[in-house]
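Presented below is the structure to which this report refers.
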Amino acid sequence: MAGPTLPRVRALRYVTPLREGGSLPAVMEADDCGTYVVKFRGAGQGVKVLVAEIVTTEIARTLGIPTPELAIVFLDDAMTKYERDEEVQDLLRASVGTNLGSDFLPGSFGYDGSTPPAADLAARIVWLDAYTLNVDRTWANPNLVVWHGRTHAIDHGASLWFHHAWARKAPQRAAFATRPFDATTHVLADVAAPVEDVGSALAARLTDDVLGGILDLVPDEWLEPTADLVDPAAVREEYLGHLTARRDAAPVWVRSLT
Ligand SMILES: Nc1ncnc2c1ncn2[C@@H]1O[C@H](COP(=O)(O)OP(=O)(O)OP(=O)(O)O)[C@@H](O)[C@H]1O
Ligand SMILES: [Mg+2]
């Protein structure tokens, strides 16, 4: 069965590195006349952070949280020859093939609290981060940008960190499902409506079918097999198992947010 997929584009020009980004993402132009912030498969964190980026970003979109459109950005070998900076050249060389693009939001600025989102949107973002265990949304690193006056969520590579452990040991869904989340340092802690008021409506949107459709957006080659998870289908199934178990346990972990 072939469901929706992410657009696939070809990178045409490396515009500039985004040096504030830990993984050295870059602004690139592509053959659909689009401009993207590209996260590279060859960056030190590996492809798992790209999987987290797709899955959590698309969960955010499902929950009505503004977030840039994603695309798979293909980098061909020729692109690596024009770059003079050695660090960038090494990164591009290690990234020939599929990478992840986030539609570049021109004129957006980093969240500084001057134009806070509505209390309901803020609560949805806190719930998203608690659900996906994304610790990367603090004042030190807000990972929110304001564009056309609306708060957009970006940078979800640090979420779903349970997948970093499953290469070493058999995946453990139960521990992840009920794990508490400390929202006291969340950048939106002071402006969010009570999360328990929005939680059940949000969980209801994430049906098994919706979550399965989101996992289908991840390219097979980014779903690294392990001794227990022998092929991309098994890896997808494991993500789905974790995500449905934590969704169903929401009444337990939501208590840790208050
Ligand atoms: N779609 C976008 N449109 C405009 N600017 C963006 C977009 N995505 C990211 N940026 C800008 O690029 C910066 C780096 O992006 P991002 O946070 O996703 O990268 P990162 O390498 O994961 O960063 P870090 O690990 O340092 O948080 C952001 O802080 C933001 O200023
Ligand atoms: Mg960031």
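Whatever order the structure lists ligands and atoms in, that order sets their numbers, starting from 1. Computed over heavy atoms, backbone and side chain alike; hydrogens, waters and symmetry mates excluded.
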Quiz item: Is it true that Tyr36 and Phe104 have ring centroids separated by less than 6.0 Å?
Solution: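 Between Phe104 and Tyr36, which both carry aromatic rings, the centre distance is not below 6.0 Å.
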Quiz item: Strictly under 6.0 Å, is that where the ring centroids of His242 and Trp166 end up?
Solution: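 Yes - the distance between ring centres of His242 and Trp166 falls below the 6.0 Å cut-off.
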Quiz item: Is the Mg ion (ligand 2) under 2.8 Å from any N, O or S atom of Asn141?
Solution: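 Coordinating: no.
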Quiz item: Of all the atoms in ligand 1, which lie at a distance below 4.0 Å from a heavy atom belonging to Leu18?
Solution: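 Checking each atom against Leu18, I get 12 (O).
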Self-check item: Per-atom contacts of ligand 1 with Ser23, taking only distances under 4.0 Å to non-hydrogen atoms
Solution: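 With Ser23 as reference, the close atoms of ligand 1 come out as 20 (P), 21 (O).
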Exercise. Please confirm whether Asp136 comes within less than 3.5 Å of ligand 1 when only nitrogen or oxygen atoms on both sides are compared.
Key: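 Checking ligand 1 against Asp136, no N or O pair falls under 3.5 Å apart.
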Quiz item: Taking the N/O/S atoms of Asp155 one by one, which is nearest to the Mg ion (ligand 2)?
Solution: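 Checking each N, O and S atom of Asp155, the shortest distance to the Mg ion (ligand 2) belongs to OD2.
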Check each heavy atom of [X] against ligand 1 and say whether those closer than 4.0 Å belong to the side chain, the backbone, both or neither.
X	value
Pro68	side chain
Val37	side chain
Asp103	backbone

Quiz prompt | Under the side chain to side chain donor-acceptor pair (under 3.5 Å) test, residues paired with Thr56 that sit two or more places apart | solution =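 Testing Thr56 for side chain to side chain donor-acceptor pair (under 3.5 Å), a comparison that skips the adjacent residues, returns Ser159.
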Quiz item: Are side-chain N/O atoms of Thr226 and Asp228 paired as donor and acceptor at under 3.5 Å?
Solution: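 No - no donor-acceptor pair under 3.5 Å links their side chains.
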Quiz item: Is the closest heavy-atom distance from Gly157 to ligand 1 below 4.0 Å?
Solution: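 Heavy atoms of Gly157 never come under 4.0 Å of ligand 1.
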Practice problem: Could you check whether the rings of Tyr239 and His163 sit parallel, tilted or perpendicular, using 30° and 60° as the cut-offs? | Solution: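 Answer is perpendicular, since the angle exceeds 60°.
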Quiz prompt | Contacts of Arg61 that satisfy salt bridge (Lys or Arg N to Asp or Glu O under 4.0 Å) - sequence neighbours left out | solution =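 Salt bridge (Lys or Arg N to Asp or Glu O under 4.0 Å) check on Arg61 returns Glu58, Glu69.
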